[in-house]
Amino acid sequence: MASETRVRFAPSPTGALHIGGARAALYNWLVARQSGGAMVLRIEDTDRERSTPENVEQILDALRWLELDWDEGPISQVERSPRHQEVLADLVARDLAYRTTATAEDVKAYKQEHGDAAGFRGTPSPDGEGAVRLRVPGGDIVVHDLIRGEATFRAEHLDEPVIARADGSVLYNFAVAVDDHDAGITHVIRGEDHLSNTPKQLLVYAALGATPPAFAHLPLLHGHDGKKLSKRHGAASVQELRAAGYLPAAVRNYIALLGWGDVDSETLIATPDLVERFELSRVSRNPSRFDEQKLRWMNGRYLRELSLDELTVELEAFTGRSGLRAGAEISAEKIQTLADFWPLAGFLYDGPVSDPKAREKWLTNPEHLAALVDARSALSALEAFTLEEIEAALRGVAAAREVKAKDVFQPVRVAIAGTAASPGLFESLIVLGRDASLARMDAAFAARI
Ligand code: GLU
């Protein structure tokens, strides 16, 4: 019987979950869900200074927001320390590892004597002191990478790696391999920055007499300019994406495509289809580019798939305000993120915004002020305050004054919104209601310079 697919996401909690980490989490999750296997979450918290409860919570919070659920864990690597010690003692007892006082200088001297390509072989210390190094067997060490293919390392070229310090604390590559082995992990999917760790981890598997997992090392993430992704490129972490008003479903879609070879980065694929279609073997080896403009575009598409009720719920949660349904309805076509909403439509709720330039342009010239006054009386005379009536009234003012429609619309818009960017003018007037609209027009006129 084929064994169950078991993947793990193993972040080091150093703060917010960066986008590269989110992509690794997503790919692991997709593989787990499409195979009906399990996703294990392990927190690599051995750096006690950085692994604060707050930093751990940031990781969990980012995964929850992305709706990437896990089946086992979170397992604390630190809490597995007794197990690491047990395996370490066992390897030493079986002479698969040994204590040695060899220093970096000794390694250097060894290479001078045997040549650079010769893997360092240490001398066990007679009194059992010093760091623990793993013995390297003969033969080849083969990395099966589902993205990069097979890479073979000649064991004789590999230094016998240190797996524990003289004080007994184990090293990262040892702990990872023991943890992955104990958890029955079948696929290790992680960033390319871990490529050089893989042979060392394979040596640990060999010492344990265990079959290693398959590996998949994901290409680096760059910004749109081809440089390493950083804050300069806009949002660089899941927390920042959330604050920037993206929907988790859009973020999943976009980051799934980062490096997924044969799919265009503008393809809309809902999560259930991602689960079905995702193939690790099609992930590119080349760095992928995170382009926030594309994510913005994609997020807009996701926003427009929401019903008005859903959009309202999202906007109210994002802004912490209530009663936004009418504003949501008239803004839905104009926003690409949840964060776009308030600057566009907040005036409906909090009064006109302050935009002195717009005021200067549209509410100082006597022509514009006169148009505003005419518009005000035309609107106040309407029987029904409906879209058609409002539009006809304002166009009528423009015709009567022999000016372009814009020279009536914009003064009215700036009077009610404070600025020249708003949802549709007629729709905005209706949402405000006739009384409030007229009051704002009066106030704008009174404040003229
Ligand atoms: N803890 C490592 C990191 O956050 C990942 C280790 C692994 O996936 O093997 O970079």
Side-chain angles (χ1 to χ4, degrees), residues 5-32 37-52 54-63 66 68 70 72-81 83-84 141 143-148 151 161 163 169-205 208 210 212-221 228-230 236-239 255 259 280 283 287:
T5 295
R6 292 175 61 81
V7 302
R8 87 315 189 255
F9 178 54
S12 307
T14 55
L17 182 63
H18 59 86
I19 293 171
R23 182 183 53 168
L26 176 64
Y27 285 14
N28 275 292
W29 184 87
L30 290 172
V31 168
M39 163 126 153
V40 178
L41 176 62
R42 182 173 70 237
I43 304 294
E44 306 213 311
D45 51 0
T46 48
D47 179 341
R48 298 313 288 155
E49 254 165 49
R50 303 184 84 176
S51 301
T52 59
E54 295 73 35
N55 282 349
V56 172
E57 190 46 40
Q58 289 221 46
I59 305 273
L60 302 184
D61 178 56
L63 292 175
L66 285 168
L68 301 179
W70 55 92
E72 293 172 32
I75 296 168
S76 152
Q77 191 157 54
V78 161
E79 284 175 19
R80 290 189 34 83
S81 169
R83 172 64 182 156
H84 300 148
I141 298 289
V143 183
H144 295 279
D145 192 298
L146 298 169
I147 296 169
R148 313 172 142 258
I163 56 173
S169 58
V170 301
L171 266 78
Y172 169 71
N173 281 312
F174 178 73
V176 168
V178 171
D179 291 349
D180 285 343
H181 173 57
D182 284 356
I185 297 304
T186 58
H187 295 71
V188 168
I189 304 162
R190 60 186 172 192
E192 193 181 271
D193 45 329
H194 287 284
L195 207 49
S196 62
N197 288 327
T198 308
K200 291 179 195 163
Q201 295 174 15
L202 286 171
L203 288 173
V204 176
Y205 274 90
L208 298 175
F215 290 87
H217 287 98
L218 309 177
L220 295 175
L221 268 193
K228 191 174 174 324
L229 189 64
S230 72
S237 70
V238 173
Q239 275 74 8
I255 64 178
L280 268 180
V283 172

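For ligands, and for the atoms within them, numbers begin at 1 and follow the listed sequence. Only a predicted model underlies this, so the values are computations on that prediction, with no experimental measurement involved. Only heavy atoms go into these numbers, but all of them, side chains included; no hydrogens, no water, no symmetry mates.
- Put simply, the side chain of H18 does not reach to within 4.5 Å of the side chain of L221, judged on heavy atoms.
- Closest heavy-atom contact between S237 and I19: N-CG1, 4.0 Å.
- Near ligand 1, residues R8, A10, P11, S12, E44, Y172, R190, H194 each place a heavy atom inside the 4.0 Å sphere around the ligand atoms.
- For the pairing with W70, the side chain to side chain contact (heavy atoms under 4.5 Å, CB included) check across I75, L60, V40 returns one residue only, L60.
- Closest of all the heavy-atom pairs between A183 and R6 is O-NE, 2.8 Å.
- We find that D179 and R8 are not joined by a salt bridge, their nearest charged nitrogen and carboxylate oxygen being 4.0 Å or further apart.
- H84 and F174 have perpendicular rings, their planes meeting at more than 60° on a 0 to 90° scale where under 30° would count as parallel.
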